[in-house]
Amino acid sequence: QVQLVESGGGLVQPGGSLRLSCAASGSVRIINAMGWYRQAPGKQRELVATITSGGSTNYADSVKGRFTISRDNAKNTVYLQMTSLKPEDTALYYCWVKELFTNNYWGQGTQVSVSA
């Protein structure tokens, strides 16, 4: 009943930038956390970045200093600004939303490819 619409993925050269967006719609109640996970070929899904309703952020060590997560609570939207992209950032990126006292929701994924 809650739908997540992701956008912003694409192909970029090393050192380039992309901004991912994810908007939640439908029967959205209170969202207390949002974030991004990714899964690269041959690897398990891993945390990229999360942000709580209080503004606390959590980043994977591999993206610290390069990625920035933010959210617009009024629009139920989370963003991931990615800079200094590396080939190892190539993965399918999934939006994640946690509703207070309810469920976790996942987007369909948006592909980010970094190559020369």
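Reckoned from all heavy atoms, side chains included, excluding hydrogens, waters and symmetry mates. All values reported here derive from a predicted model rather than from experimental measurement.
Contact check on Asp89 versus Lys86 returns no salt bridge, with no Lys/Arg side-chain nitrogen under 4.0 Å from an Asp/Glu carboxylate oxygen.
Proximity of Phe67 to Leu85: side-chain heavy atoms (C-beta onward) are separated by under 4.5 Å at one or more points. Tyr79 has its side chain out of reach of Thr68: every pair of non-hydrogen atoms, C-beta onward, lies at least 4.5 Å apart. Annotation: side chain of Leu80 is not in contact with side chain of Arg38 (no heavy-atom distance under 4.5 Å). Using a 4.5 Å heavy-atom cutoff, the side chains of Asn73 and Ile31 are not in contact. Ser115 is listed as a side-chain neighbour of Leu11, based on a closest heavy-atom distance under 4.5 Å. Using a 4.5 Å cut-off on side-chain heavy atoms (C-beta onward), Glu6 and Trp36 make contact. A 4.5 Å side-chain heavy-atom check between Tyr93 and Met82 finds at least one atom pair inside the cut-off.
Taking both residues in full, the closest heavy atoms of Val12 and Ser17 are given as CG2-N, 3.9 Å, listed atom of the first, atom of the second, then distance. Contact between Lys98 and Phe101 at its shortest, heavy atoms only, is NZ-N, 4.1 Å. Nearest heavy atoms, Arg66 versus Thr83: O-OG1, 2.7 Å.
Atom-to-atom distance recorded for Leu4:CG and Tyr94:OH is 13.0 Å, nearest 0.5 angstrom. Remark: Leu92 CG to Arg45 CZ distance equals 11.0 Å, nearest 0.5 Å. The distance from atom OG1 of Thr57 to atom NZ of Lys64, rounded to the nearest 0.5 Å, is 9.5 Å. Asn58 CG to Thr50 OG1: the interatomic distance, rounded to the nearest 0.5 Å, is 4.5 Å. Of the inter-residue distances, the one linking Leu18 atom CG with Gln81 atom CD reads 8.5 Å to the nearest 0.5 angstrom. Annotation: the span from Glu99 atom CD to Asn76 atom CG amounts to 8.5 Å, rounded to 0.5 Å.
Note on residues 56-116: pairs passing disulfide bond (SG atoms under 2.5 Å apart), not counting sequence neighbours, are Cys22-Cys95. Applying the disulfide bond (SG atoms under 2.5 Å apart) definition to pairs two or more places apart or across chains, none involves residues 37-73. Pairs engaging residues 57-94 under the disulfide bond (SG atoms under 2.5 Å apart) rule: none recorded [sequence neighbours left out].
When atom types are taken as modelled, the side chain of Arg71 and the backbone of Gly35 share no donor-acceptor pair closer than 3.5 angstrom. Within the 3.5 Å criterion, the main-chain N or O of Ala91 finds a donor-acceptor partner in the side chain of Gln111.
The neighbour count for Gln108 CD, taken as heavy atoms of other residues, nucleotides or ligands under 6.0 Å away, does not exceed 12. By the 6.0 Å contact criterion, CD on Gln44 is open, its count of non-hydrogen atoms from other residues, nucleotides or ligands being 12 or less.
Residues Ile51 and Leu20 are members of one and the same hydrophobic cluster, defined by side-chain heavy-atom contacts under 4.5 angstrom among Ile, Leu, Val, Met, Phe, Trp and Tyr. By the rule that hydrophobic residues join a cluster once side-chain heavy atoms approach within less than 4.5 Å of another member, Val63 and Trp96 end up as members of separate clusters. Linking ILVMFWY side-chain heavy atoms closer than 4.5 Å, directly or via other members, places Val97 and Trp106 in two distinct hydrophobic clusters.
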